[in-house]
Amino acid sequence: MTAEMAAPAWMHEQITAEQYDSWSEEQCAGIEIVDGMVVVSPSASKRHNRLARILANLLEAAAGPGWNADTDFDVRLQDVPLTNRRPDVVVYRADTIDITPTRPEHVLLVVEVVSPGSETTDRIVKTDQYAKSGIAFYWRVEQAATGAPLVYTYVLDPATRAYRDGDVFTGVVKVSAPFQVEFDLGQI
């Protein structure tokens, strides 16, 4: 094995929040940190990225001036052991745009678009992690064979720090308060 093929040493050691915060944006792209260990995520498909971008744009328009919706950045779920997740879409308080890292208390909603290979993580592991960190809403979007996404919504029960099932949508999604919007996902 050549030196270029060997994984860097930091991929085999638990890292701290301070170490991670010292890395460049390029080093952090495409990875998540779970219990201090680096988890490399394969590149998402164009369909996956397009759906995430469309959802982010629609959610931002619906959320109003107090909220932003973006893709592709870390949410720091816990410092020790370090757990950073990179949801496909994050709706967060607009006044925290320059605060790094983004913390769960800044976040209203996270959306994960399920891809082949991420099913278990998105359906079980991330659901539990987002709930335990106190994020109020979680959406899981599955790309059905028909082309119309299925959107599973979850609402946090603050007493148990677990999500309860919300509605499941396909084709047309009607977003209720605080978003007050209706949009058609069937055309994606």
What heavy-atom pair brings [X] and [Y] nearest, and what distance separates the two atoms?
X    : Y    : value
C28  : I31  : O-CG1, 3.2 Å
L156 : A131 : CD1-O, 3.6 Å
P81  : G36  : CB-N, 4.0 Å
H106 : W67  : O-CZ3, 4.1 Å
Y138 : D122 : OH-O, 2.6 Å

Could you give me the CA-CA distance, side-chain angles and deciding distance for L82 and Q14, then say whether side chain to side chain contact (heavy atoms under 4.5 Å, CB included) is met? CA-CA 9 Å; L82 179 61; Q14 194 170 40; over 6 Å; no
When you measure from the side chain of [X] to the backbone of [Y], do you find a donor-acceptor pair of N or O atoms at a distance under 3.5 Å?
X    : Y    : answer
T102 : V75  : no
E60  : A69  : yes
H48  : V113 : yes
E119 : G117 : yes
Q19  : S22  : no
T121 : S118 : no

Could you state the interatomic distance from [atom1] ([X]) to [atom2] ([Y]), rounded to the nearest 0.5 Å?
X    : Y    : atom1 : atom2 : value
Y20  : I33  : OH    : CD1   : 5.5 Å
N84  : D79  : CG    : CG    : 8.5 Å
N49  : D72  : CG    : CG    : 8.0 Å
Q129 : I135 : CD    : CD1   : 10.0 Å
R76  : S133 : CZ    : OG    : 13.0 Å
T16  : D21  : OG1   : CG    : 8.0 Å

Residues forming a salt bridge (charged side-chain N to carboxylate O under 4.0 Å, His left out) with D74, sequence neighbours excluded: R86
Quick one: are [X] and [Y] in side-chain contact, heavy atoms under 4.5 Å?
X    : Y    : value
V110 : W139 : no
R161 : D157 : no
E142 : V151 : no
P87  : V90  : yes

Would you please say whether a donor-acceptor pair under 3.5 Å links the side chains of [X] and [Y]?
X    : Y    : value
R140 : Y154 : yes
Y92  : D70  : yes
E112 : Y130 : yes

According to a 4.5 Å side-chain heavy-atom criterion applied to Ile, Leu, Val, Met, Phe, Trp and Tyr, with indirect links allowed, do V107 and F73 form part of one hydrophobic cluster? yes
Is there a chain of hydrophobic side chains (I, L, V, M, F, W, Y, each step under 4.5 Å between heavy atoms) that links V34 to I124?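 Different clusters: V34 never reaches I124 through Ile, Leu, Val, Met, Phe, Trp or Tyr contacts under 4.5 Å.
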Please evaluate residues V111 and F137 with respect to the criterion side chain to side chain contact (heavy atoms under 4.5 Å, CB included), reporting the C-alpha separation (whole Å), side-chain torsions for both, the decisive distance (0.1 Å), and the verdict. CA-CA 9 Å; V111 180; F137 301 96; over 6 Å; no
List the steps and the verdict of side chain to side chain contact (heavy atoms under 4.5 Å, CB included) for L51 and V141. CA-CA 9 Å; L51 180 56; V141 181; 3.6 Å; yes
Between K132 and D128, is there a side-chain N and carboxylate O pair less than 4.0 Å apart? yes
Assess the residue pair R103 and L77 against the criterion (side chain to side chain contact (heavy atoms under 4.5 Å, CB included)); give the C-alpha distance rounded to whole Å, side-chain angles, the decisive distance to 0.1 Å, and a yes or no. CA-CA 6 Å; R103 301 275 183 182; L77 300 181; over 6 Å; no
